[in-house]
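Below is one structure, written out as structure tokens; the observations come after it.
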There are 2 protein chains.
Amino acid sequence: MVRKLAPHLGVDWKHILSNDEDRQELDFSYEQLLFQLLNEIGIIHQLASTAFDRLLPYDLTGAQFTVLNHCVRMGDNKTPAQLAAILQVTRGTMTSTLARLEKKNFIRLEPDPEDGRSKRVFLTNEGRMAREASVEAALPVLSKASRDVPADTVVGLLPEIRKLRSWFDRNRSD
Amino acid sequence: MVRKLAPHLGVDWKHILSNDEDRQELDFSYEQLLFQLLNEIGIIHQLASTAFDRLLPYDLTGAQFTVLNHCVRMGDNKTPAQLAAILQVTRGTMTSTLARLEKKNFIRLEPDPEDGRSKRVFLTNEGRMAREASVEAALPVLSKASRDVPADTVVGLLPEIRKLRSWFDRNRSD
DNA sequence: TCCATATAGTTTGATGCCAAACTATATTAC
DNA sequence: GTAATATAGTTTGGCATCAAACTATATGGA
């Protein structure tokens with residue numbers, strides 16, 4: 001049916017072993033179904049990501065918001081390596097995200113008094129406000145979703161999706 | 001619990017309104033549950049993408065494989081704009097992916113005889129073989145998943161995930 | 001103490017992705 | 001027929017991501 005836009009992501013499971021046309025007609029092997037599932041998941045992630053990026057204020061990106069949000073909710077005064085582990089990015093990626101946040105004055109980086117190799121990440125007041133404004137900006141979109149997507153769908157999906165995420169989490173090579 | 005690696009993606013819904021600790025204890029609003037769901041989806045996509053990229057031969061990337069795979073399964077002789085629409089990336093992104101595939105001699109680009117603005121994408125024999133080899137390389141991983149992840153999980157997830165994808169698809173701004 | 005190894009953070013180089021600007025060719029409207 | 005508009009493809013600039021190499025500091029064992 002040709003969707004209008006949206007990316008094929010890092011890996012695009014889209015159309016790997018499936019396509020819209022044959023969905024109704026054929027039997028699929030387990031492997032094919034898993035492919036299709038990952039395909040759909042990739043699309044959802046991409047669409048959601050792009051939509052979220054577009055509504056964020058202060059030129060914030062999703063990655064940057066995620067760091068601010070974590071600091072607000074779970075506390076700051078963590079090292080970049082800890083944040084990288086928690087948010088599941090490489091240290092190199094975290095370095096660059098933190099640099100952008102620092103340039104915007106949303107966080108402050110201080111040397112770790114106990115470990116000469118480390119730094120500590122602190123929220124600034126501006127960072128706190130930017131996070132707050134971002135949450136505000138996101139609410140209308142979530143509300144729209146809540147009107148259209150049945151709660152049953154969301155609630156039903158969560159436990160199984162978590163199982164799947166768990167499996168990938170346990171089975172990655174690193 | 002601090003996962004070891006993995007990225008916060010374009011937008012990272014991870015930890016936006018949720019975290020591992022409070023999952024067991026609190027009630028969540030619909031909005032929070034949706035956030036959590038998108039969070040899990042983002043993680044799964046990232047883990048799956050990275051794993052897939054690592055096993056591909058010929059220095060193929062997921063994006064490149066997706067183009068080859070589509071051409072094998074659905075036929076080549078399409079324009080870059082058509083491929084971009086089908087695979088849901090911008091034309092600019094498709095330009096660069098096709099350029100990389102052409103440099104590897106996996107596709108050929110010819111001028112469209114009927115439209116002076118367009119080109120046509122054709123698979124080469126090398127491209128066909130590279131796609132075949134990629135599928136071979138992916139099979140062991142899929143088999144591993146099939147041993148661990150119950151078919152029920154996959155089959156149960158698919159219809160609801162498709163509904164969710166549909167919603168995002170319908171509600172995007174472009 | 002000193003060396004080997006592990007860990008923190010950075011840097012580099014690739015890829016993917018988007019948005020927006022830009023060129024060239026079609027198509028439509030008058 | 002010509003001007004306005006739409007579409008195809010490219011280019012540029014920016015962010016996110018990874019992998020791998022590199023520096024500096026800790027830590028542990030001999």
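What's counted below: heavy atoms across the whole structure, side chains too, no hydrogens, waters or symmetry copies. Since the model is a prediction, treat every value here as computed from it, not as a measurement. In what follows, chains carry the letters A, B, and so on, assigned in the order in which the sequence lines appear, proteins first and then strands, with residues in each chain numbered from 1.
The side chain of A:Thr97 approaches D:dT17 more closely than any other nucleotide in the set D:dA8, D:dT17, C:dG9. Considering only the side chain of B:Lys119, D:dG9 comes nearest among C:dA19, D:dG9, C:dG9. Closest approach to the B:Val89 side chain among D:dG9, C:dA8, C:dC18 is made by C:dC18 (side chain taken as heavy atoms from C-beta onward). Distances from the side chain of A:Pro80 to the nucleotides C:dG9, C:dC18, D:dG9 place C:dG9 closest.
Taking 4.5 Å as the limit, every side-chain heavy atom of A:Gln82 sits out of range of all side-chain heavy atoms of A:Met94.
Here the C1' atom of nucleotide C:dG16 and the CG atom of B:Leu60 are 14 Å apart, to the nearest Å. B:Lys78 places its NZ atom 14 Å from the P atom of D:dG9, with the value rounded to the nearest Å. We find that CZ of A:Phe52 is positioned 17 Å from P of D:dC15, with the value rounded to whole Å. For the pair B:Leu47 CG and D:dT17 P, the interatomic distance rounds to 13 Å; values are reported in whole Å. Atom-to-atom, CZ of B:Phe65 to P of C:dG16 comes out at 14 Å; the value is rounded to the nearest Å. Residue A:Asp53 contributes atom CG, which lies 17 Å from atom P of D:dG14 at whole-angstrom precision. Summarising the geometry, the separation between CZ on B:Arg117 and C1' on D:dA6 is reported as 8 Å, rounded to the nearest angstrom. Atom CG in A:Asp59 sits about 14 Å away from atom C1' in C:dC18, given to the nearest Å.
Counting any heavy atom pair closer than 4.0 Å across all strands shown, A:Asp112 reaches no nucleic acid atom.
Sorted by first and then second residue, the salt bridge (Lys or Arg N to Asp or Glu O under 4.0 Å) pairs involving residues 75-91 of chain A (not counting sequence neighbours) form an empty list. Within the structure, salt bridge (Lys or Arg N to Asp or Glu O under 4.0 Å) pairs that include any residue of residues 133-154 of chain A do not occur (at least two apart or interchain).
In this structure A:Ala151 satisfies the side-chain contact (heavy atoms from CB on, under 4.5 Å) test together with B:Tyr30, sequence neighbours excluded. For A:Ser118, the side-chain contact (heavy atoms from CB on, under 4.5 Å) criterion is met by A:Thr79, A:Asp112, A:Asp115, not counting sequence neighbours. Every residue two or more places apart in sequence or in another chain that forms a side chain to side chain donor-acceptor pair (under 3.5 Å) with B:Thr153 is listed here: A:Glu160.
When each of A:Leu98 and B:Asp115 is assigned the nucleotide of DNA chain C with its nearest heavy atom, A:Leu98 is the one assigned upstream, toward the 5' end.
For A:Thr50, no side-chain nitrogen or oxygen approaches OP1 or OP2 of C:dC18 to under 4.0 Å. Contact annotation: B:Arg54 side-chain N/O to D:dA19 OP1/OP2 distance is under 4.0 Å.
The structure places CG of A:Asn39 at 11.0 Å from CG of A:Leu34, a figure rounded to the nearest 0.5 Å.
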Name the pairs: protein N/O against N/O of nucleotides 11-15 of chain C, kept only if under 3.5 Å.
none

